[in-house]
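Okay, structure first, notes after.
Just follow the structure's listing: the first ligand is 1, and inside any ligand the first atom is 1. No hydrogens, no waters, no symmetry mates; every other heavy atom, side chains included, goes into these values.
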Amino acid sequence: MQVKDLTPAEWPWLLLLDADPSRELVDAYIHQSTVMGLLEGDAVIAVVVLLPRDRQVIEVMNIAVATSHQGKKLGKLLLAAAIERSRQLGAKRMVVGTGNSGIAQLAFYQKMGFRLESIDRDYFVRTYPEPIYENGIWCRDRVILTLDF
Ligand SMILES: CC(C)(COP(=O)(O)OP(=O)(O)OC[C@H]1O[C@@H](n2cnc3c(N)ncnc32)[C@H](O)[C@@H]1OP(=O)(O)O)[C@@H](O)C(=O)NCCC(=O)NCCS
């Protein structure tokens with residue numbers, strides 16, 4: 001397995017849309033981002049999208065591991081590579097936003113050292129046309145987590 005930067009032709013759209021169901025929203029940030037992939041042979045089995053917000057802050061816009069490969073520490077491996085890349089670029093902070101209903105995601109980021117920063121109430125209600133439910137919870141609020149280097 002190897003982690004490498006992906007060219008637009010290699011972007012794994014099914015995976016990207018698994019983490020963010022709006023193609024329009026993904027298109028709005030991915031062209032200004034660094035897209036890193038985890039490859040098994042030629043297949044991209046995980047992806048992370050990093051968008052510089054300013055010289056010191058990098059936001060994780062999207063991270064997804066193929067369903068068949070989830071729960072095998074590959075998300076942690078790829079996020080660790082993204083953190084290392086952000087440090088090398090001179091960033092002082094990483095930011096990520098996730099839904100209030102994403103119990104696994106909230107666990108995942110905190111296990112990687114991220115801390116709760118703030119809540120953008122009704123972000124998902126404002127941003128997505130259809131209501132989102134996860135774990136039986138209405139996904140309304142965006143929880144912002146940060147990792148300071
Ligand atoms: C979220 C995601 C990227 C995590 O990747 P993954 O490869 O499945 O996760 P990993 O195996 O690397 O590890 C996840 C960690 O979170 C923990 N975790 C996951 N679900 C958990 C839960 N419900 N409660 C507690 N811990 C949980 C795991 O135990 C593991 O920590 P550990 O090493 O201490 O055991 C992946 O599940 C995914 O692609 N989900 C769909 C897309 C998505 O939701 N992306 C995020 C958008 S914000």
Side-chain angles (χ1 to χ4, degrees), residues 1-6 8 10-53 57-87 91 93-149:
M1 278 190 207
Q2 57 156 335
V3 175
K4 73 168 194 113
D5 287 0
L6 302 179
E10 297 173 307
W11 290 346
W13 279 99
L14 286 177
L15 273 182
L16 292 163
L17 295 173
D18 195 21
D20 185 342
S22 166
R23 168 100 195 204
E24 206 180 332
L25 285 182
V26 177
D27 255 331
Y29 58 71
I30 198 164
H31 300 277
Q32 292 79 45
S33 301
T34 298
V35 183
M36 297 168 70
L38 179 66
L39 277 81
E40 187 178 58
D42 288 339
V44 180
I45 56 169
V47 65
V48 62
V49 180
L50 303 174
L51 179 66
R53 286 297 184 189
V57 179
I58 290 181
E59 180 165 350
V60 179
M61 301 300 292
N62 188 310
I63 181 163
V65 176
T67 315
S68 53
H69 290 75
Q70 286 177 12
K72 298 177 181 171
K73 315 284 184 203
L74 299 180
K76 290 179 95 173
L77 187 155
L78 188 58
L79 186 56
I83 290 169
E84 185 51 35
R85 163 67 72 84
S86 301
R87 275 184 204 275
R93 165 173 269 207
M94 285 183 91
V95 179
V96 67
T98 192
N100 59 283
S101 52
I103 293 167
Q105 294 86 334
L106 287 166
F108 171 64
Y109 293 121
Q110 289 182 82
K111 284 182 172 179
M112 293 300 291
F114 283 75
R115 296 191 58 189
L116 302 183
E117 178 80 22
S118 60
I119 293 168
D120 185 353
R121 281 202 159 197
D122 289 319
Y123 169 86
F124 291 96
V125 179
R126 291 195 307 274
T127 311
Y128 292 86
E130 302 293 332
I132 302 168
Y133 280 86
E134 201 179 5
N135 299 307
I137 305 167
W138 183 14
C139 181
R140 282 190 278 191
D141 306 321
R142 186 167 188 252
V143 181
I144 315 293
L145 298 99
T146 55
L147 175 68
D148 288 314
F149 300 149

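Checked by atom type and distance alone, the side chain of Arg126 pairs as donor or acceptor with a backbone atom of Arg121 at under 3.5 Å. Without hydrogens or angle criteria, Gln110 side chain to Leu106 main chain gives a donor-acceptor distance under 3.5 Å.
Using a 4.5 Å heavy-atom cutoff, the side chains of Thr146 and Val57 are not in contact. Under the 4.5 Å side-chain criterion, counting only non-hydrogen atoms from C-beta, Cys139 is in contact with Asn100. Two residues are said to be in side-chain contact when any heavy atoms from C-beta on lie closer than 4.5 Å; Glu134 and Gln105 meet this criterion. Proximity of Ile103 to Ile137: side-chain heavy atoms (C-beta onward) are separated by under 4.5 Å at one or more points.
Taking CG of Leu50 as the start and CG of Asn62 as the end, the distance is 10.0 Å to the nearest 0.5 Å. In this structure, the separation between CG on Asp141 and CG on Asp122 is 6.0 Å, given to the nearest 0.5 Å. The CD1 atom of Ile45 sits 4.5 Å away from atom CD of Glu40, with the distance rounded to the nearest 0.5 Å.
Each of the following atoms of ligand 1 lies closer than 4.0 Å to a heavy atom of Tyr109: 46 (C), 48 (S). Listed by atom number, the atoms of ligand 1 under 4.0 Å from Thr98 heavy atoms are 48 (S). Within ligand 1, counting atoms from 1 as listed, the ones closer than 4.0 Å to a heavy atom of Gln105 are 43 (C), 44 (O), 46 (C). Of all atoms in ligand 1, listed by their number and element, those nearer than 4.0 Å to a heavy atom of Lys76 are 12 (O), 13 (O), 31 (O), 32 (P), 33 (O), 34 (O). Taking every heavy atom of Lys72 and a limit of under 4.0 angstrom, the matching atoms of ligand 1 come to 11 (O). Annotation for ligand 1: atoms under 4.0 Å from non-hydrogen atoms of Leu74 are 7 (O), 12 (O).
Nearest protein heavy-atom neighbour of atom 39 (O) of ligand 1: Val65 N, 2.7 Å. Nearest protein heavy-atom contact of atom 41 (C) of ligand 1 is Gln70 NE2, 3.7 Å. The single protein non-hydrogen atom nearest to atom 18 (N) of ligand 1 is Ala107 CB, 4.1 Å, given as residue, atom name and distance. When only non-hydrogen protein atoms are considered, atom 28 (C) of ligand 1 lies nearest to Lys111 NZ, 3.9 Å. Ranking the protein heavy atoms by distance from atom 20 (N) of ligand 1 puts Ala104 CB, 3.4 Å first. Scanning the protein for heavy atoms near atom 46 (C) of ligand 1, the closest one is Ile63 O, 3.4 Å. Protein heavy atom closest to atom 16 (O) of ligand 1, with residue, atom name and distance, is Phe108 CA, 3.7 Å.
With a 4.0 Å cut-off on non-hydrogen atoms, Lys73 touches ligand 1 through its backbone as well as its side chain.
Annotation: Gly75 places an N or O atom under 3.5 Å from an N or O atom of ligand 1; distance criterion only. No N or O atom of Ala19 sits closer than 3.5 Å to an N or O atom of ligand 1.
For atom 2 (C) of ligand 1, no protein non-hydrogen atom is found at a distance below 4.0 Å.
A heavy-atom separation below 4.0 Å is found between Gly71 and ligand 1.
Using a 30° and 60° split on the angle between ring planes, Trp11 and His31 fall in the perpendicular class, above 60°.
Results of the side chain to side chain contact (heavy atoms under 4.5 Å, CB included) test with Val95 over Val60, Leu51, Ile144, Ile58 single out Ile144 as the only residue that passes.
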